[in-house]
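The block underneath contains the structure these notes are about, expressed in C-alpha cells.
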Amino acid sequence: MSQPSYELLPGAGESPVILHVPHSARTIPADVRAGIELDDAALERELDHITDAHTAELAEAAAERAGVTPWRFVNRLSRLVVDPERFPDEREEMLAVGMGAVYTRTTHRDVLRQEGVDPGPLVARYFRPYARAMTEAVAGRLAATGRAVVIDVHSYPSRALPYELHGAGPRPPVCLGTDRFHTPAGLAEAARKAFAGCGETGLDSPFSGTYVPLEFYGTDARVGALMVEIRRDLYMAEPGGPAGPGVDRLATALAGLVDSVGR
Ligand SMILES: [Zn+2]
C-alpha cells in the first residue's frame with residue numbers, strides 16, 4: 001500500500017491534546033472499492049453525505065493558530081473502508097442500521113456491501129492497526145504530560161439523513177458529544193466558551209459520546225475526551241461542496257479550545 005491509512009502529526013512535547021479526525025477523507029483503496037455495490041456516481045454521492053469534509057484542514061488550521069501546538073491523528077481513508085469510531089462488536093448500536101465498523105448500508109439505507117459479508121478482514125487490516133496507533137498516541141501524551149485530552153473533530157449535515165438513530169433531536173450549530181467518565185464538566189464548558197462566537201452549542205444531540213481507545217475507556221480518568229460536531233452549513237456547501245469563509249472562525253474557536261485545555 002503506497003499511501004498510509006492514518007497519520008500521527010506531532011505537536012509540542014508539552015501538549016496533552018490530540019485532535020482526532022476520523023471522517024475527513026474520501027480515499028478508498030481499489031480492492032476495498034471492489035467490495036462496494038454502488039456504481040461510481042452513487043459512490044460519489046454517498047461520500048458527499050457521509051464524509052466530514054474539510055475537517056482535516058480545519059484541525060490543521062487550528063493547530064497552526066494554537067499557542068501550544070496540539071498533536072493530530074488523522075484518518076487518511078474514508079469511513080466507508082472502516083469506521084474507526086464504532087465498537088467492532090455487538091456493543092455498537094449502529095449495527096442495527098448496517099453501520100458498524102464495516103458498513104453494509106448507505107446513509108439512505110441502500111445496500112453498500114452484500115448482507116452477511118465478513119467484516120473480519122477489513123477489521124484486521126484497517127480497524128485494529130488504527131486502534132493500536134491511536135492507543136499509542138494517547139499513551140505517548142500520558143507518558144509525556146501525565147494526561148491526555150482527545151478532541152474528536154467531526155461535522156454533520158444540517159438536515160437529518162435516513163440512517164440517523166437520533167435524528168429527531170436538536171441540531172445546534174455546534175454539538176458537543178460527551179462521556180460520563182471521560183468528559184469533565186470543565187472540558188465541555190471550555191468548548192462552550194470557545195465556540196460561543198459560532199452560534200449556539202448543544203450537548204449530545206443529534207450525536208452523542210466521544211472516542212476513547214478501549215484500553216483506557218471507562219478506567220483511566222487521566223484521559224479526557226470530547227467530541228466536537230460542527231453543523232456543515234456553518235462552513236461548507238452541502239452536500240460535499242467546497243469550504244467557505246466559516247472555516248476561519250471555526251479554526252480560531254478550535255484553537256481557543258486547544259489552548260484553554262492544553263495548559
Ligand atoms: Zn464524523
Side-chain angles (χ1 to χ4, degrees), residues 5-7 18-28 45-60 62 72-88 92-95 97-103 105-108 112 126-127 130-131 134 150-167 169-179 182-183 191 195 198 201-213 225-236 238-241 243 246-247 250-251 253-254 257:
S5 303
Y6 52 80
E7 245 182 310
I18 300 173
L19 295 178
H20 180 221
V21 185
H23 293 158
S24 188
R26 296 173 72 103
T27 303
I28 302 174
R45 269 202 306 280
E46 179 62 10
L47 286 167
D48 286 347
H49 287 298
I50 200 76
T51 305
D52 297 352
H54 318 297
T55 48
E57 291 76 11
L58 173 65
E60 184 178 5
R72 281 178 287 145
F73 193 102
V74 182
N75 188 4
R76 296 301 184 193
L77 296 181
S78 167
R79 61 195 291 192
L80 296 184
V81 179
V82 295
D83 190 335
E85 298 235 321
R86 304 291 198 234
F87 290 112
E92 180 53 60
E93 71 166 359
M94 296 302 289
L95 211 49
V97 287
M99 294 178 100
V102 175
Y103 299 172
R105 293 280 165 162
T106 70
T107 49
H108 291 72
L112 183 78
Y126 296 106
F127 185 96
Y130 187 106
M134 187 61 192
V150 179
I151 300 176
D152 228 3
V153 184
H154 293 256
S155 71
Y156 78 98
S158 52
R159 271 181 302 164
L161 288 165
Y163 84 90
E164 290 183 24
L165 293 178
H166 311 288
R171 304 179 86 77
V174 179
C175 158
L176 303 175
T178 64
D179 179 86
H182 291 282
T183 314
F195 285 95
C198 302
T201 300
L203 281 185
D204 291 307
S205 171
F207 296 97
S208 63
T210 183
Y211 180 80
V212 176
L226 177 75
M227 176 168 71
V228 177
E229 283 269 9
I230 297 158
R231 209 178 60 204
R232 292 181 190 154
D233 60 332
L234 268 65
Y235 74 92
M236 65 176 282
E238 299 179 82
V247 169
L250 289 163
L254 184 55
L257 173 59

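Remember, predicted model here, so these are calculated numbers, not experimental data. Counting starts at 1 for both ligands and their atoms, in listed order.
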* To do: Just do the salt bridge (charged side-chain N to carboxylate O under 4.0 Å, His left out) check on Asp48 and Arg45 with the steps written out, would you?
  => CA-CA 5 Å; Asp48 286 347; Arg45 269 202 306 280; over 6 Å; no
* **Pair His166 + Phe207: ring centers closer than 6.0 Å** => no
* Output the atom name for the N/O/S atom of His23 with the smallest distance to the Zn ion (ligand 1). => ND1
* Structure fact -> Of Phe73, Tyr130, Tyr6, the one forming a side chain to side chain contact (heavy atoms under 4.5 Å, CB included) with Pro22 is Tyr130
* For Arg76 and Thr27, what are the C-alpha separation, side-chain angles and deciding distance, and is it a side-chain contact (heavy atoms from CB on, under 4.5 Å)? -> CA-CA 7 Å; Arg76 296 301 184 193; Thr27 303; over 6 Å; no
* Structure fact -> For the Zn ion (ligand 1), the nearest N/O/S atom on His154 is atom ND1
* To do: Could you confirm whether Asp52 has any N/O/S atom lying under 2.8 Å from the Zn ion (ligand 1)?
  => yes
